[in-house]
Structures are given as C-alpha cells and as structure tokens.
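Presented below is the structure to which this report refers.
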Amino acid sequence: MKEYSSDKFRNVAVVSHDGAGKTALVESLLLTSGAVDFVGKGQDNKHIMDFEPEEIKRNVTIQLGMAPCEWHDHKVNFVDTPGYNEFHGEVRAALRACDGMLMVLSATSGVETDTVRAWDYAVELQMPRMAFINKMDVDGADFFGTIERMRELFGKGIMPLQIPIGEGANFEGVVDVAKMTAFTYKDGQPTEIAVPAHLIEKAQEIREMTVEAAAEGSDELLEKYLEGEELSLEEIRQGLREGMISGRVCPIMCGSATSRIGLDQVLDRMIRYMPDATKKVMTATDAETGEQCVVHVDKPLTAFVFKTLLDPFAGKQSFVRIFSGELKEGDRLYDVNQGVEEKWGKMVTLIGKQQIPVSAAKAGDIVVIPKLANAKTGDTLTAPDFKVTYDAIRFPQPLYTVALEPVKKGEEEKLAGAVLKVAEEDPTCVVVKNAEARQLQIDCMGEVHLEHILNKMDRKYGVQAKLVTPYIPYRETIKGSAETESKYKKQSGGHGQYGHVKIQVDPLYDGTEFAFVDKIFGGAVPKQYIPAVEKGAKETLDKGLIAGYPMIGVQVTLLDGSYHSVDSSELAFKVATSQAIKDVIPKAKPVLLEPIYEVNVYAPDAFMGDIMGDLNSRRGRVLGMEQSERTGISVVKAQVPLAEMADYVTALRSITQGQGVFNRQFYTYEEVPHKQAEEIIAAHKTQE
C-alpha cells in the first residue's frame with residue numbers, strides 16, 4: 001500500500017449483534033475495493049478475517065481483526081469485531097482505536113441486544129456512527145420496520161440515505177435519495193438507472209427528511225432551508241457530515257454483503273462522512289508533571305496499544321493506533337507506562353493474518369509492531385522527548401469466576417504461565433492467585449469465553465485444565481465473651497518448656513479484625529513474652545476454629561499468667577496461648593460469616609419481576625428498583641451472598657434473553673444461616 005497523509009485515513013470499527021453478517025460485510029468490502037481476490041461464503045471455513053481454529057469451528061468472530069483497503073485515494077482501516085456479547089472487550093478495544101463506528105444490522109432480525117450495547121458504547125465515547133442494514137436479499141427482510149425500531153430506540157437522528165429496490169428474493173439495488181437516482185447490481189457491479197416509478201414518492205419523502213437533517217448541521221444551511229431555498233447536493237452532504245460528526249445524525253444504508261449489493265456506496269460514504277484523522281484531538285497526561293495536555297496530529301509521535309496477540313512461534317504482536325507524529329523504521333520508541341525504550345525492527349499492516357510490510361506510518365494509521373518486549377494493551381508509545389500517556393481502555397467487568405487445576409499433576413506452573421499469557425492478550429480474562437485458598441482463579445465473561453480460554457491454553461501452550469469449585473472467602477467470628485486459662489508445661493531433660501496464660505475473648509463490632517489488650521500487672525508474664533502471646537493468638541485465629549476460615553472481629557485480652565525463670569520461652573507462651581484460644585472460642589458463641597456483595601442489575605422493564613424473584617431465591621435482599629438513564633431500562637439494587645452468584649452471568653442472560661447486565665462490589669460480611677453453616681462446617685470436618 002502507498003503512503004497516505006493523515007487526512008486520507010478513515011478508521012472504522014465494524015460492530016453488530018452476532019449473526020448480522022458483519023464479518024461477511026467486511027470481507028466483501030475488501031473484495032469490492034480490490035484488497036483481496038476471493039472471500040468465503042457462509043460456513044465454508046474460508047473466511048479471511050475469522051482464521052483462528054475456534055472461530056472456524058463456531059463460525060463466529062472471537063477477536064478483533066484488521067482489514068485495511070484503498071478506495072478513491074484514501075485508506076480505510078476497518079477493524080472487525082466480535083458480535084457475541086462475551087467478547088465485547090474486543091469491541092471496546094476497537095472503538096478506542098477508531099474514529100467512527102459502522103453498525104451492521106440484519107434486515108430480518110432488526111435491532112438486537114448487542115446493537116443497542118454497541119450504540120451505547122459509541123455514545124459514551126462520543127463517536128460518530130453510521131449503520132448498514134444487511135441481508136436485504138433474505139426472505140423476511142424489513143428495511144422500514146428496522147428503521148422505525150431504530151428511531152424508537154436511538155432517536156430521530158436515524159437518517160436513511162437509501163431505500164431498497166425490492167426486498168427478499170426481489171431485492172436488486174438501492175435508491176440514493178440525496179441524488180434521486182438508483183443503482184441495480186450484478187456480480188457486485190452497479191448500473192445506474194432512474195428511480196423506479198413506484199418508489200419515487202417514498203424516495204422524495206425520505207429525501208425531505210434527509211435535507212432537513214442536513215440543514216440542521218449548520219446555521220447557514222438552516223437559514224437557507226427555512227427561507228425555502230433548495231440545498232445543493234454538496235450542501236446536503238456537508239450538513240450530513242457535520243451532523244454525523246457531532247453525533248446528531250446517524251446515516252443509514254442498506255444492501256447485501258453476500259450478494260455484494262450497495263457495497264461501493266458504503267465505501268464512498270465512509271470517505272465522505274466518516275471523520276478523517278486530522279480531526280482527532282486527544283487528551284493526554286504529561287508523564288513528568290501529571291498535568292493534562294491536548295495532543296493534535298502534528299505533535300511528536302504518540303501511539304496507543306489497543307490489542308496484543310501472543311503466539312508461541314511468531315511471538316508478540318502489538319496493534320497500535322498512531323494519534324500524532326509519524327513512525328518510521330529506525331525511529332526510537334518509548335513505552336511510557338513501562339518506563340523503557342522499546343527495541344523494534346519492523347511494522348506491518350494485516351488483512352486477516354496476512355502481513356503487509358509498512359516502512360512508515362503517519363498520524364491516523366493503524367499498524368502492528370511485532371516483538372515489542374515490554375508493551376502491553378493500554379500502553380502509550382511515544383517519541384523519547386514527548387512522554388505522555390493516554391487513559392487505559394475501560395473494559396467490561398468480568399464476573400464469571402472459576403478455579404482451575406491442571407489435568408496432569410505437576411503442571412501447576414505451566415498452567416499458571418499459560419493463563420497469564422492468555423490474560424495478556426485478553427484483559428477481560430483476569431487472573432487471581434488466591435493465596436488464602438492456594439487456588440488459581442480466573443474472572444472471565446461467561447461459559448463461552450471460558451471455553452475459548454481453555455481451548456487456547458491447550459492449543460497454544462499445551463496445557464489442559466479442569467474446573468474446580470471456586471473458593472468462597474468465608475470468615476469466622478464470635479458473638480459472645482468468654483475466658484479461660486492454659487498452661488503449657490513440658491519436661492524432657494535439661495531445660496523444659498513452661499508458659500501459663502489466662503485470656504478473655506470479646507467480639508469487636510467496629511470492623512477491626514483483631515485487637516490485643518495487655519492487662520498484666522506485677523510481672524505475672526514478663527514483657528519479653530507478651531509479643532509471643534499476641535502472635536500465638538493471631539496465628540491460631542487466622543487458621544480458623546470452626547470451619548477452617550480466618551476468624552475476625554475478636555479482641556483477645558491477656559488477664560494473667562505465670563512463668564518459670566528457667567523453663568519459660570517465647571515458644572512456650574505461644575503454644576499456651578494457642579491452646580487457650582482453641583479452648584475458649586467454642587464458649588464464645590462462634591459463628592460463620594459470608595461475603596455479601598452489592599449488586600446492580602440493568603435490564604428491560606419487562607424482566608424486572610423475574611429478576612427480583614431470582615435474586616430472592618439466591619438469598620438476596622432486593623433494596624429497590626429505579627429507572628436508568630435509558631428509557632425502558634430499569635436497575636434493581638440488591639445485596640446478595642457471593643456464594644449464590646457463581647452462575648449469575650449465565651442465569652441473567654437466560655432470564656433477560658441476553659439483554660441484562662450487572663455489576664457488583666463487596667459490601668460486608670454477614671452471618672451464614674444456620675442450615676448453610678452446618679453444611680459448610682460438616683464439609684470442612686470431612687476434609688480434616
């Protein structure tokens with residue numbers, strides 16, 4: 001590919017609900033532009049973008065992929081994204097690298113859950129968006145029904161630039177309402193025709209809406225429109241572009257990816273309406289002063305790593321969006337987040353997995369730099385004399401927790417290494433090394449995501465893992481006070497062991513986990529042994545006394561004791577204290593505590609009853625329900641035991657037909673109900 005100036009780049013994230021035909025569209029756009037010579041169809045496993053074994057097996061996109069093409073002296077960098085919601089971390093990464101979003105909808109399925117989710121992401125990022133209604137040649141296609149639903153959900157800014165000529169088996173082309181001309185297609189090639197007579201009235205109606213939307217793009221055009229003057233084609237386009245960039249207008253196109261109808265016009269409109277890279281203004285943080293600064297394309301080099309791929313044979317690949325300056329072979333490259341200068345040799349662009357060498361990349365371009373030793377997703381790369389950082393990507397919170405063990409004994413380290421490598425590629429896979437449980441846990445997005453992680457570890461790193469029950473960090477405490485004394489006395493020739501303590505335990509209600517009070521007077525226990533008493537009490541409580549979980553909220557008071565001038569030692573007082581704790585705790589009404597989480601569940605109003613019923617069945621306390629920012633979506637606030645949340649990601653998707661999401665955070669510890677506590681204690685005793 002030839003070199004382009006920054007104003008010639010269009011970076012477009014292509015998003016959709018699973019099954020809308022997004023990847024087929026990207027590949028057909030590559031074919032239309034001449035970037036590739038052939039694309040697969042359906043499930044023939046010859047797709048350019050979906051080349052990973054899991055993607056081929058499932059016939060779905062799992063990770064984002066690059067797809068650059070050249071069209072009318074511009075370079076369009078498409079970033080293809082997964083449609084399945086468990087891989088939406090990839091969507092967030094893609095949107096961070098791009099300047100505009102193309103939403104793909106199925107003409108038969110209309111607006112689906114992940115279409116709405118992608119729209120919300122773009123609104124959050126203030127990203128210009130455009131939509132393509134695909135599968136117009138499939139039976140049941142409903143262009144105007146889809147438009148109507150989009151306007152209900154997203155507002156009057158939804159603006160068709162085309163209407164279809166026929167639907168389903170009769171679909172043969174599109175009408176360009178701004179130009180009031182039409183195009184039919186054969187083998188992807190357009191033929192311009194007059195607007196069919198039966199569509200003229202509808203086309204004029206849509207054109208009037210389009211002109212009105214364009215007029216609102218600037219005060220000058222609005223004044224001209226209100227005075228009854230006709231807007232020229234260029235003025236309409238100017239107004240639509242300004243409206244789209246401001247987020248007030250979302251242009252809509254239609255066609256068929258597999259039949260290659262309308263795709264040349266999609267490319268034309270990418271160039272016409274999507275923002276060019278020179279308009280991108282970033283806010284960064286000066287690494288030395290901590291102050292905010294504004295970065296334009298003409299500043300020294302800054303770039304952002306938005307995706308990392310690891311391969312045992314090819315090494316690491318860092319997907320990089322260049323926001324300012326220029327990167328050429330031989331330039332120095334500084335990783336501000338890691339505080340090191342990176343050594344690098346080359347950079348490439350990718351079409352699927354095909355590498356195309358790139359010798360220089362200007363602001364606005366997206367490239368891949370192989371074998372950066374230190375760079376991680378979210379890092380900022382700069383010229384050594386311009387050290388700034390960009391905010392990290394806000395990935396969705398992974399809430400599906402599982403624990404892993406290697407299938408083969410002795411492969412614990414190998415498993416841990418493989419999981420960490422997968423997590424480096426995928427920030428929605430979070431590794432938790434639970435020292436308390438001596439358990440390797442991962443937080444991920446759901447069952448499908450987990451299966452992909454396990455397959456990747458096996459395929460790439462040769463380690464198989466099995467699932468075990470995740471450790472729940474229960475705690476123990478006491479509800480009453482008690483006292484006891486213990487004497488540790490041992491004589492075995494020579495010096496013996498002697499320690500004698502009298503202690504009292506009391507519950508703490510201020511959130512303090514442990515407190516020690518020394519009430520010794522008159523030297524009954526010498527000062528040098530007091531720390532041993534405290535240590536013995538703390539260590540014994542930490543091991544748990546009823547179910548093997550750390551005991552918290554306990555104050556231990558040393559009341560009295562005695563010592564032997566020769567046989568007493570720190571060890572003797574530590575052992576005596578441990579024995580005393582084990583004796584006194586059962587007398588102080590010990591109970592088991594469980595972690596309680598605050599949970600916020602967002603879903604359409606129609607599912608609220610089922611959601612609250614399900615939370616109640618999980619021993620949750622529903623605190624209330626309120627309206628969210630989006631019309632028709634409510635949020636249920638509840639407090640739920642962590643032990644009851646293991647499968648909640650899957651259950652909520654089932655209850656809400658995939659439309660519900662939730663977040664959670666730790667709230668407090670509360671007493672476990674008697675029945676559940678007995679089961680936990682009994683299970684502990686069988687393991688002893």
Side-chain angles (χ1 to χ4, degrees), residues 4-16 20 22-23 25-26 29-30 33 64-72 74-81 83 90-105 114-115 117-134 150 154-155 157-162 213-214 217 237-255 262-263 265-282 297 304 306-307 319 321-323 362-366 393:
Y4 291 90
S5 58
S6 295
D7 63 327
K8 299 294 185 181
F9 291 115
R10 302 290 186 272
N11 297 309
V12 182
V14 188
V15 302
S16 79
K22 163 187 47 58
T23 298
L25 174 63
V26 171
L29 289 170
L30 295 178
S33 69
L64 65 80
M66 285 180 57
C69 69
E70 296 172 292
W71 188 254
H72 295 173
H74 287 73
K75 182 181 179 184
V76 183
N77 288 314
F78 290 111
V79 181
D80 184 31
T81 66
E90 300 285 303
V91 177
R92 284 193 174 269
L95 292 179
R96 187 60 183 277
C98 293
D99 305 319
M101 182 178 84
L102 176 65
M103 297 193 309
V104 182
L105 296 89
D114 290 314
T115 316
R117 190 169 287 128
W119 177 277
D120 289 343
Y121 287 168
V123 171
E124 176 189 326
L125 296 170
Q126 298 181 320
M127 175 170 284
R129 46 210 171 271
M130 180 183 288
F132 179 78
I133 299 177
N134 190 25
M150 291 180 75
F154 308 138
I158 297 300
M159 194 55 55
L161 302 185
Q162 303 168 332
R237 289 172 173 174
Q238 174 197 337
L240 288 174
R241 176 179 170 82
E242 291 176 4
M244 179 178 160
I245 290 174
S246 69
R248 290 184 300 98
V249 174
C250 175
I252 311 294
M253 297 164 289
C254 64
L263 303 192
Q265 297 199 38
V266 174
L267 290 166
D268 286 345
R269 285 167 174 79
M270 291 291 158
I271 292 167
R272 185 175 298 140
Y273 298 124
M274 284 287 181
D276 69 64
T278 61
K279 304 295 190 295
K280 192 76 169 181
V281 178
M282 297 292 292
V297 292
F304 184 79
F306 66 93
K307 174 69 179 174
F319 288 60
R321 161 67 194 262
I322 298 174
F323 284 115
K362 290 184 170 61
D365 209 352
I366 297 174
I393 301 166

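Along the sequence shown, residues are numbered consecutively beginning with 1.
When all heavy atoms are compared, the tightest approach of P275 to P128 is CG-CG, 3.9 Å. When all heavy atoms are compared, the tightest approach of L95 to A13 is CD2-CB, 3.6 Å. Across every non-hydrogen atom of K75 and P68, the tightest pair is CE-CB, 3.8 Å. Heavy-atom minimum distance, C250 versus W119: SG-CZ3, 3.9 Å. The minimum heavy-atom distance between M103 and T115, with the atom names listed, is SD-O, 4.0 Å. Of all non-hydrogen atoms in F78 and C69, the two that sit nearest each other are CE1-SG, 3.9 Å.
From M127, atom CE reaches atom CZ of R96 across 10.0 Å, with rounding to the nearest 0.5 Å. With rounding to the nearest 0.5 angstrom, the NZ atom of K279 is 11.0 Å from the OG atom of S6. A distance of 10.0 Å separates CG of L263 from CE of M253, quoted to the nearest 0.5 Å. A distance of 6.0 Å separates CG in L25 from CG in N134, rounded to the nearest 0.5 Å. The line from CE of M101 to OG of S16 is 10.5 Å long, rounded to the nearest 0.5 Å. Atom-to-atom distance recorded for K307:NZ and I366:CD1 is 14.0 Å, nearest 0.5 angstrom.
Scanning for side chain to side chain donor-acceptor pair (under 3.5 Å) contacts around R10 gives an empty result, with sequence neighbours left out. Considering only residues two or more places apart in sequence or on other chains, R272 meets the salt bridge (charged side-chain N to carboxylate O under 4.0 Å, His left out) condition with none of them. Residues passing the side chain to side chain donor-acceptor pair (under 3.5 Å) test with Q265 are Q162, Y185, R269, sequence neighbours excluded. Taking K362 as the reference, E3, E326 meet the salt bridge (charged side-chain N to carboxylate O under 4.0 Å, His left out) condition, with sequence neighbours excluded. By the salt bridge (charged side-chain N to carboxylate O under 4.0 Å, His left out) test, D120 pairs with R630, sequence neighbours left out. Under the side chain to side chain donor-acceptor pair (under 3.5 Å) criterion, R237 pairs with E234, sequence neighbours left out.
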Step-by-step side chain to side chain contact (heavy atoms under 4.5 Å, CB included) determination, D268 to W71 = CA-CA 8 Å; D268 286 345; W71 188 254; 2.8 Å; yes

Passes side chain to side chain contact (heavy atoms under 4.5 Å, CB included), L161 versus Y273? Steps please.
-> CA-CA 12 Å; L161 302 185; Y273 298 124; 3.7 Å; yes

Could you give me the CA-CA distance, side-chain angles and deciding distance for L102 and M270, then say whether side chain to side chain contact (heavy atoms under 4.5 Å, CB included) is met?
-> CA-CA 9 Å; L102 176 65; M270 291 291 158; 3.5 Å; yes

Give the intermediate values and the outcome of side chain to side chain contact (heavy atoms under 4.5 Å, CB included) for residues C98 and V12.
-> CA-CA 5 Å; C98 293; V12 182; 5.7 Å; no

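Contact annotation: the side chain of L64 approaches that of F306 to within less than 4.5 Å [non-hydrogen atoms, C-beta and beyond]. R321 is listed as a side-chain neighbour of N11, based on a closest heavy-atom distance under 4.5 Å. Counting heavy atoms from C-beta on, the side chains of D99 and F9 never come closer than 4.5 Å. A 4.5 Å side-chain heavy-atom check between H74 and M274 finds every atom pair outside the cut-off. Inter-residue side-chain proximity for L267 and S33 is flagged as met; some heavy-atom pair is nearer than 4.5 Å.
Side chain to side chain, D7 and T278 fail the donor-acceptor criterion of an N or O pair below 3.5 Å.
A donor-acceptor pair is defined here as one N or O able to donate and one able to accept, closer than 3.5 Å; no such pair exists between the side chain of N77 and the backbone of M66. Using a distance-only test at 3.5 Å, with no hydrogens or angles considered, no donor-acceptor pair links the side chain of E90 to the main chain of T81.
Electrostatic pairing of E242 and R248 does not count as a salt bridge here, judged by no charged N lying under 4.0 Å from a carboxylate O.
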